[in-house]
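Fair warning: this is a prediction, and the values are worked out from it, not measured in the lab. We name chains A, B, ... by the order of the sequence lines, and we start the count at 1 in each one.
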Amino acid sequence: MELTIPNFDIALTANSGQCFRFQKIDEIHYSIIARQTHLMIQTLDNDRFLLDCDEKSYQEIWHDYFDMDRDYLSIMKAAPPDDAFLQEALRHTKGLRILQQEPWECLISFIISQRKNIPAIKGCVEALSRRFGEPIGDDLFAFPTPEAIAASSIEELNTCSLGYRSNYILKTARMVASRQADLDDFGRLSDPELKEALLRFPGVGIKVADCVMLFAYARTKAFPRDVWINRVIDKHYDGQSPAEYLGPHAGILQQCMFCYIRSSQYKNTY
DNA sequence: GTCCAGGGTAAGC
DNA sequence: GCTTACCATGGA
């Protein structure tokens with residue numbers, strides 16, 4: 001089906017380090033696997049795209065995944081106008097969207113992310129999917145269920161280059177598979193309650209919890225601080241986190257700054 | 001070969 | 001409460 005997606009830079013979003021199974025095929029085709037489903041997107045022009053799914057699948061999965069109900073233009077307009085670095089970041093990251101990922105996959109992906117770069121994280125997520133996930137097409141595998149990982153072992157998980165994270169992932173999977181923790185119920189919690197609940201998983205600290213809140217539960221105030229954002233805070237905010245003054249969409253603005261400081265366009269002049 | 005990566009944990013203070 | 005050593009692995 002054909003679809004207009006306003007404010008969507010597909011390359012920028014796919015490489016923004018928020019999701020790890022959004023892959024470039026060629027100049028106009030991108031492949032996504034999410035919620036046990038594969039999607040191919042073809043770029044038609046600036047904001048028009050061709051999705052190889054039907055209306056039902058779009059409404060059930062991809063409408064929310066692409067965060068279609070959010071008005072990004074008004075969020076950018078509401079950003080503090082006198083913040084020179086932020087405004088520069090926003091100019092260079094037009095079209096960046098925050099995807100609404102599945103909590104379980106997002107949780108495991110960001111437990112993996114600690115002390116790894118983005119290509120390495122992608123490799124681990126892909127290896128996990130191939131090893132434990134259900135086949136969903138031609139050489140395509142869904143992200144494994146909590147039950148599939150809970151039924152595995154440290155030794156099997158170690159074949160996915162997870163290092164010391166294998167133990168965290170196995171324990172977390174057992175907590176979810178046993179219903180000791182219900183990730184769907186987490187959606188009803190307030191921001192502080194959700195953060196506290198996420199911090200109970202082994203391998204989840206403040207930063208990973210913030211990533212899951214922002215990228216899976218649409219808590220746009222969550223402001224993940226990784227090594228790159230800490231550099232931004234040191235260089236441009238005098239060591240003080242701007243999270244509070246950036247307001248209810250601080251997390252979205254954070255993602256723009258993250259992408260900008262990592263880009264070749266960043267000149268370190270502000 | 002060296003440095004770094006979307007950090008977390010536990011021990012020590 | 002705040003430091004610090006340590007944790008496995010692969011990419012650059």
Checklist line | Contact list for residues 174-199 of chain A, test ring pair (Phe, Tyr, Trp, His ring centres under 6.0 Å), sequence neighbours left out | finding: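 For residues 174-199 of chain A, and leaving out neighbouring residues, there are no ring pair (Phe, Tyr, Trp, His ring centres under 6.0 Å) pairs at all.
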
Next item on the list: I would like to know whether F143(A) and E102(A) meet side-chain contact (heavy atoms from CB on, under 4.5 Å); could you show each step before the answer?
Entry: CA-CA 10 Å; F143(A) 189 80; E102(A) 197 170 16; 5.8 Å; no

Item checked: Donor-acceptor pair between Q100(A) and D64(A) side chains, under 3.5 angstrom ->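 No, no side-chain donor-acceptor pair sits under 3.5 Å.
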
Note to self: Side chains of N158(A) and Y164(A): any donor to acceptor distance under 3.5 Å?
What the structure shows: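 No, no side-chain donor-acceptor pair sits under 3.5 Å.
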
Next item on the list: Taking the side chain as every heavy atom from C-beta outward, state whether P103(A) and Y217(A) have any atom pair closer than 4.5 Å.
Entry: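 P103(A) vs Y217(A): side chains touch.
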
Next item on the list: Kindly indicate whether the side chain of I206(A), heavy atoms from C-beta on, has any atom under 4.5 Å from the side chain of K195(A).
Entry: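 Yes, close enough: below the 4.5 Å cut-off.
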
Linking I/L/V/M/F/W/Y whenever their side-chain heavy atoms sit closer than 4.5 Å, directly or via other members, would [X] and [Y] fall into one cluster?
X       : Y       : answer
V125(A) : L157(A) : yes
M76(A)  : I261(A) : yes
I5(A)   : M1(A)   : yes

Starting at [atom1] of [X] and ending at [atom2] of [N], how long is that distance when rounded to a whole Å?
X       : N      : atom1 : atom2 : value
I112(A) : dG7(B) : CD1   : C1'   : 14 Å
I111(A) : dG6(B) : CD1   : C1'   : 14 Å
N230(A) : dC4(B) : CG    : P     : 15 Å
R225(A) : dA5(B) : CZ    : P     : 16 Å
L199(A) : dG7(B) : CG    : C1'   : 13 Å

Next item on the list: Carefully, step by step, assess M175(A) and D182(A) under the rule side-chain contact (heavy atoms from CB on, under 4.5 Å).
Entry: CA-CA 9 Å; M175(A) 289 170 69; D182(A) 189 323; over 6 Å; no

Check: Between Y260(A) and F85(A), does the ring centroid distance fall short of 6.0 Å?
Finding: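 Yes, ring centres under 6.0 Å apart.
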
Next item on the list: Between protein and nucleotides 5-12 of chain C, map the contacts as a letter string: B base, S sugar-phosphate only, - none, heavy atoms under 4.0 Å, written 5' to 3'.
Entry: --BBSSS-

Checklist line | DNA chain B contacts among residues 205-223 of chain A, heavy-atom distance under 4.0 Å | finding: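 Close to the strand are G205(A), I206(A), K207(A), V208(A), F215(A).
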
Check: Got a sec? Which of residues 241-258 of chain A come in under 4.0 Å of DNA chain C, heavy atoms?
Finding: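 Here the set is empty: none.
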
Check: In residues 13-24 of chain A, which ones come under 4.0 Å of DNA chain C, going by heavy atoms?
Finding: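 Contacts with DNA chain C under 4.0 Å: none.
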
Next item on the list: With DNA chain B as reference, determine whether P202(A) or D226(A) sits nearer its 5' end, using the nearest nucleotide of each.
Entry: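 This one resolves to D226(A).
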
Notebook entry, point to check: Residues two or more places apart in sequence or in another chain: which of them pass side-chain contact (heavy atoms from CB on, under 4.5 Å) with Q240(A)?
Noted result: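 By the side-chain contact (heavy atoms from CB on, under 4.5 Å) rule, Q240(A) matches no residue at all.
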
Margin query: With rounding to the closest Å, how many angstrom separate the P atoms on dA5(C) and dG6(B)?
Written below: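 It works out to 23 Å between them.
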
Next item on the list: Test side-chain contact (heavy atoms from CB on, under 4.5 Å) on L86(A) and M257(A) and set out the steps.
Entry: CA-CA 7 Å; L86(A) 174 60; M257(A) 294 192 284; 4.0 Å; yes

